[in-house]
Protein chains: 2
Amino acid sequence: MKVETAKKVEDAAAWRKYSENMLPPLLQAALDCFVEHGYHGTTIRTVAARAKLSVPGLYHHYASKQALLVAIVQFAMKDLLVRSEDAVAEAGSSVEEQFRLLIECLALFHAHRSELAFIAASEIRSLEGESRTAHIQSRDKQQQMVDDIINQGMREGNFDAEHPKDTSRAIVTMCTGIAQWYRRDGELTPEELALRYANIARMTLGVGPGSRRESVFTAPTVGDAPIVVN
Amino acid sequence: MKVETAKKVEDAAAWRKYSENMLPPLLQAALDCFVEHGYHGTTIRTVAARAKLSVPGLYHHYASKQALLVAIVQFAMKDLLVRSEDAVAEAGSSVEEQFRLLIECLALFHAHRSELAFIAASEIRSLEGESRTAHIQSRDKQQQMVDDIINQGMREGNFDAEHPKDTSRAIVTMCTGIAQWYRRDGELTPEELALRYANIARMTLGVGPGSRRESVFTAPTVGDAPIVVN
DNA sequence: ACTCCTACCGAGCGATCGCTCGGTAGGAGT
DNA sequence: ACTCCTACCGAGCGATCGCTCGGTAGGAGT
């Protein structure tokens, strides 16, 4: 029982955990280059050098420069989608909580994985064929998750927005935008920033900042009680 | 008197007016190519072909590929800054009105000039040397304008934000983000979108949507009266 | 001992890149 | 009539690009 509870808590919070060096070294080298010079501005020789490989050595692992980009972008979208679903699942049945955790998750990802998210967003143009289509579908799915929760909240009367669709887009954009400016050596940790962004997002829906600043582990009873808030 | 008033009104609203084909044909061709393939993904031959010039013909007008990008980006930033200043000036002394018009202006620009704004934001990496520094300074100046107005509004008690700096960044990001997704054939005109974004932005500062949906020309008396609102 | 297989390279190929050389055509000025 | 100047090109140069050829080194399996 004790073990199961601990494990459940651990799983439930997995979407908040970010390790370093999650990418294979070669992909990490490619990502660094892409961030610095862009996909087309990066040469295969630069990537190889940064990964301490020869050019043929690099091609042993990936078939082409394009394959490197595809692998990076697919990793990014998969990671974000899994985390997003976990976050919503952890929230339980409260729409307000679902929204709060999803935005927190979105912000957290774009701060912690800013390079990854930056490339996934800025190099869509550089993706060829099907991987481009697939990537755009992932993006749309991500937006749809936020749309759905906001619509649900509108129906239940928790949220108040004149134009929910536009508000949803604005919220997602401001979260994904984090990847463009967030610096690890800045003033805020990803966690602090994510809390602030969740509150800012709530305000656009007419929900007060609702200062829930404690750790998630302290007050798990709130979500359990089947009380309709509004 | 009649002429002067008319001219004043016209000047005051100049920041709302967007003509087409404002760029020289060659720069427009370059912009189209950059939007489609990115700066490094664009070849000088492609630009020349789209502008119906030979390659040496192109180099008669601009010294290098980099010069094309610099010209485009400088045009974009100059245009946005001038419009922003005009918008704030038109607002008069009311901080709330200054904020509303500045956000409207920002959103309007990023919808009307989405290609221009998109390149100006996404190709910073591709700018070399001083023009890169200058461009980043322009960006910061733009952010600072919003910061200043929000801070002023906080001091005067018009706005309510837990973290004004973060809210300001979120607002600017969601406006500049418009350039990434706005399509001319979409559901909303730039003007409609800008009004909605101004309202969404106001909500993040605890100010209700304040449905001021009429034309700007109907109620100019509000800004004239030197009344402190709060 | 021998056969695979994985993980790599040195050298270089064909294509394409940004950019230039040495021009011309035609209008404006005197 | 002559001199500029602007607005262009055809052809091509040197550099660099993505990618490949034909290898080797060394560990695992039998």
Side-chain angles (χ1 to χ4, degrees), chain A residues 21-75 115 119-120 122-132 135, chain B residues 21-75 115 119-120 122-132 135:
Chain A
N21 303 323
M22 67 297 174
L23 280 177
L26 178 50
L27 281 191
Q28 186 63 51
L31 177 58
D32 291 343
C33 292
F34 293 165
V35 167
E36 214 164 310
H37 310 106
Y39 176 74
H40 286 296
T42 298
T43 77
I44 221 72
R45 275 161 248 259
T46 317
V47 179
R50 196 185 282 245
K52 282 165 187 171
L53 282 177
S54 67
V55 171
L58 183 154
Y59 278 100
H60 175 71
H61 296 278
Y62 290 89
S64 64
K65 188 182 168 186
Q66 176 75 197
L68 288 167
L69 179 62
V70 170
I72 288 170
V73 158
Q74 279 180 355
F75 179 93
E115 292 96 352
I119 291 307
S122 63
E123 295 292 359
I124 306 181
R125 289 175 305 187
S126 306
L127 284 169
E128 297 161 8
E130 289 175 32
S131 44
R132 182 186 199 148
H135 179 63
Chain B
N21 303 322
M22 67 296 177
L23 281 177
L26 178 49
L27 280 191
Q28 185 63 49
L31 177 58
D32 292 343
C33 292
F34 292 165
V35 167
E36 214 164 310
H37 310 105
Y39 175 74
H40 286 295
T42 298
T43 77
I44 220 74
R45 275 161 248 260
T46 318
V47 178
R50 197 185 281 244
K52 282 167 187 167
L53 283 178
S54 67
V55 171
L58 183 153
Y59 278 100
H60 175 71
H61 296 279
Y62 289 89
S64 65
K65 188 182 167 187
Q66 177 75 197
L68 288 168
L69 179 62
V70 170
I72 288 170
V73 158
Q74 279 179 355
F75 179 93
E115 293 97 351
I119 291 306
S122 64
E123 296 292 359
I124 306 181
R125 291 174 304 185
S126 306
L127 284 170
E128 298 160 8
E130 289 174 33
S131 43
R132 183 185 198 147
H135 178 63

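The figures here come from the full heavy-atom set of this structure, side chains too, leaving out hydrogens, waters and symmetry mates. Order of the sequence lines sets the chain letters (A, B, ...), proteins ahead of strands, with each chain counted from 1.
In this structure, B:Y59 atom OH and C:dT20 atom C1' are separated by 9 Å, rounded to whole Å. Put simply, NE2 on A:H37 is 20 Å from P on C:dC17, counting in whole angstrom units. Whole-Å rounding puts the A:L26 CG to C:dA7 P distance at 12 Å. What separates CD1 of A:I44 from P of D:dT20 is a distance of 11 Å, to the nearest Å. Rounded to whole angstrom, the span from the NE2 atom of B:H40 across to the P atom of D:dG18 amounts to 12 Å.
Closest to the side chain of A:K65, from the set C:dC19, D:dG18, D:dC8, is D:dG18. In this structure, of D:dA7, C:dA11, C:dC19, it is C:dA11 that holds the atom nearest to the side chain of A:P56.
The residue among A:A63 and A:T46 whose nearest nucleotide of DNA chain D is located toward the 5' end is A:T46. Nearer the 5' end of DNA chain C, as judged by each residue's closest nucleotide, is the contact made by A:H61, out of A:H61 and A:R45.
Among the atoms of the strands shown, none is found under 4.0 Å from any heavy atom of A:L58.
Taking a pair to require two hydrogen-bonding distances under 3.5 Å in either a Watson-Crick or a G-U wobble arrangement, D:dG12 pairs with C:dC19. Using the Watson-Crick or G-U wobble rule with both distances under 3.5 Å, C:dG26 pairs with D:dC5.
For the pair B:H60 and D:dA7, the criterion of a side-chain N or O lying under 4.0 Å from OP1 or OP2 is met.
Distance alone, capped at 3.5 Å, is enough to place a donor-acceptor pair between the A:T42 side chain and the A:C33 backbone.
In this structure, B:E36 and B:T46 have side chains that are not in contact, with every pair of non-hydrogen atoms separated by 4.5 Å or more.
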* To do: Evaluate the criterion side chain to side chain contact (heavy atoms under 4.5 Å, CB included) for residue pair A:L53 and A:H61; output intermediate values, then yes/no.
  => CA-CA 11 Å; A:L53 282 177; A:H61 296 278; 4.2 Å; yes

* Asked: Checking side chain to side chain contact (heavy atoms under 4.5 Å, CB included) for the pair B:F34/B:E115: CA distance, chi angles, key distance, verdict?
  -> CA-CA 9 Å; B:F34 292 165; B:E115 293 97 351; over 6 Å; no

